J.: 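Would you mind keeping the following structure in view while I ask a few things?
Indexing begins at 1, ligand by ligand and atom by atom, following the structure's order. Below, all heavy atoms of this structure are taken into account, side chains as well, without hydrogens, waters or symmetry copies. Keep in mind that what you see is a predicted model, and the values were worked out from it rather than measured.
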Amino acid sequence: MFGVVPKALWQRAIPADDRNRVHLAARVLLLEERAGPARILVDTGMGHKWNERGADIYGLDPDGLAVEQAVVTAGLDPDEITDVLLTHLHFDHAGGATRERDGRVEPTFRRATYWVQERNLSWARSPSQKDRASYRPEDFEPLVERGVLETLEGGGTWRPGIELEISEGHTTAMQLPRIHGPEGVLLYGADLLPTAAHIPVPWVMAYDNEPLKSMDEKQRLLERAHADGWVLAFEHDPATSGCRVVRNLKGFAAGDPVAF
Ligand SMILES: [Zn+2]
């Protein structure tokens, strides 16, 4: 999760278990339009299409909620979800987009339109050897087959109050939604800013296809986040769901946690 950062440093932020695994969340975002029907999910977690071996490698929490159960916990019927915005198609983001029912894999949210960047879908279908293991066709091909996956070309305004930042360092055309809400601006950091520990610019993941590009993208986004007081939302941080950015002598750092 921390690339070339020595373990002696990163384990202070997130301790590892005896198999060198760290505790991570798969935190999705639910956006509810105040005066309209839109109920938008951002990412869908790992999902439940895992065999015993996969569940063991990743140490999946057997009590972890399926994303559709999490939606119920938030007070909605899964059929009320109108849109699912997928930041990218890695399995820990798109795994819950489909589910297995009676031996078939189907879209988890029956009435939703799913959204991903066109170039990320193309990459997912012919990934590099480096990130091939992170893209599983069963997470997205059933969406294509049912005609419910829409592709976007580039960033900018997606919906009123929601803009998309495109990032290329982690994988091709990952999209980060920036939401203008009543309490300010929230940026969902996906795998560019997966935890609060990733705010220092050199702390990028070994998963990244182009780490120098990730660092450059982080630098520019963090400058804007700091200047304009955005809240960063962390998909993978088990302890901190969000915070603002502060500057210290070393560069950028996490400010006080912000609940949302
Ligand atoms: Zn990823």
J.: Please determine if the Zn ion (ligand 1) has an N/O/S atom from Asp191 lying under 2.8 Å away.
T.: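 A backbone or side-chain N, O or S atom of Asp191 is under 2.8 Å from the Zn ion (ligand 1).
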
J.: Only one of His23, His93, His90, His198 clears ring-ring contact (aromatic ring centres under 6.0 Å, His included) with His236; which?
T.: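 The ring-ring contact (aromatic ring centres under 6.0 Å, His included) with His236 is passed solely by His93 among His23, His93, His90, His198.
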
J.: Any carboxylate oxygen within less than 4.0 angstrom of a Lys/Arg side-chain nitrogen, looking at Arg39 and Glu33?
T.: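 Between Glu33 and Arg39 there is no salt bridge, as every charged N stays at least 4.0 Å from the carboxylate O atoms.
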
J.: Look at atom NZ of Lys250 and say whether more than 12 heavy atoms of other residues, nucleotides or ligands are closer to it than 6.0 Å.
T.: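 Not buried by this count: 12 neighbours or fewer within 6.0 Å.
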
J.: Taking just the N, O or S atoms of His90, which one is nearest to the Zn ion (ligand 1)?
T.: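 Answer by atom name: ND1.
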
J.: Has His170 got an N, O or S atom lying less than 2.8 Å from the Zn ion (ligand 1)?
T.: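 Given the 2.8 Å cut-off, His170 counts as a ligand of the Zn ion (ligand 1).
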
J.: Above 12 or not: heavy atoms from other molecules or residues under 6.0 Å from CZ of Arg110?
T.: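 Atom CZ in Arg110 is not crowded, with 12 or fewer foreign heavy atoms closer than 6.0 Å.
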
